[in-house]
Amino acid sequence: MKNEILDKYSIDSSKLVKDLGFVKILYNEQLDILESVYQENSAIDREEALLIVQTSREFNNVSNKYILATGLSDYINISPDARIVFAEEMKKDTHLQKMAIHINSLAYRILSNFFIRFNQPPVATKVFNERKAAIDWLLEE
């Protein structure tokens, strides 16, 4: 039983939806969570943000309720234009209920909190240091 609980939180239990080079879009069927895993040395501008959103929308999972954005690699640059695209496009997504941002550094925590505070995504959005905590929060009712 313990292994089953640990497995559902593992990124290894997710299937690859699409690798865009700068981000991998993964889907965890057991949790019904779509995840964007940003790659090291990625620069995300308006065009890349639109591609991420489009790819996520094209994938039809059970509910499309939750998104987990994971930025654990170093040197990810998300431009102000990209942050605006993410916030604006979230307003158009009627199924999305929550977004968790899973990061591993103080710099990305500051950037993520800046996104939440100033770009004001239209769904509940929180930043987490631990993947399990992010997933637990996403699945809370």
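Residue numbers count from 1 along this sequence.
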- Task: Please list, chain by chain and in numerical order, all residues satisfying salt bridge (charged side-chain N to carboxylate O under 4.0 Å, His left out) with Asp81, sequence neighbours excluded.
- Result: none
- Message: Can you tell me if Glu47 has over 12 outside heavy atoms packed within less than 6.0 Å of its CD?
- Response: yes
- Query: Does any non-hydrogen side-chain atom of Tyr27 lie less than 4.5 Å from one of Glu35?
  - Reply: no
- Task: Say whether, by atom type as modelled, one donor and one acceptor occur between the side chain of Tyr108 and the main chain of Ile76 under 3.5 angstrom.
- Result: yes
- Item | pair Phe114-Arg83: side-chain heavy atoms closer than 4.5 Å | yes
- Under the salt bridge (charged side-chain N to carboxylate O under 4.0 Å, His left out) test, residues paired with Lys126 that sit two or more places apart: none
- Can you see which heavy atom on Ser112 is nearest to which on Ile101, and at what distance? OG-CG2, 3.4 Å
- Query: Side chains of Ile52 and Ile44: does their closest heavy-atom pair fall under 4.5 Å?
  - Reply: yes
- Item | Test item: Ser42 side-chain N/O and Phe22 main-chain N/O as donor-acceptor pair under 3.5 Å | yes
- Task: Taking the side chain as every heavy atom from C-beta outward, state whether Ile103 and Phe128 have any atom pair closer than 4.5 Å.
- Result: no
- Side-chain heavy atoms of Glu89 within contact of Lys92, under 4.5 Å: yes
- Answer yes if Met90 and Phe118 sit in the same cluster of Ile, Leu, Val, Met, Phe, Trp and Tyr residues linked by side chain heavy atoms under 4.5 Å apart, and no otherwise. no
- Message: Is there a continuous path of hydrophobic side-chain contacts, each under 4.5 Å between heavy atoms, that joins Leu16 to Val37?
- Response: yes
- Any chain of hydrophobic side-chain contacts (each under 4.5 Å) joining Val123 to Ile84? no
- Query: Are Arg109 and Asn129 linked by a side-chain donor-acceptor pair shorter than 3.5 Å?
  - Reply: yes
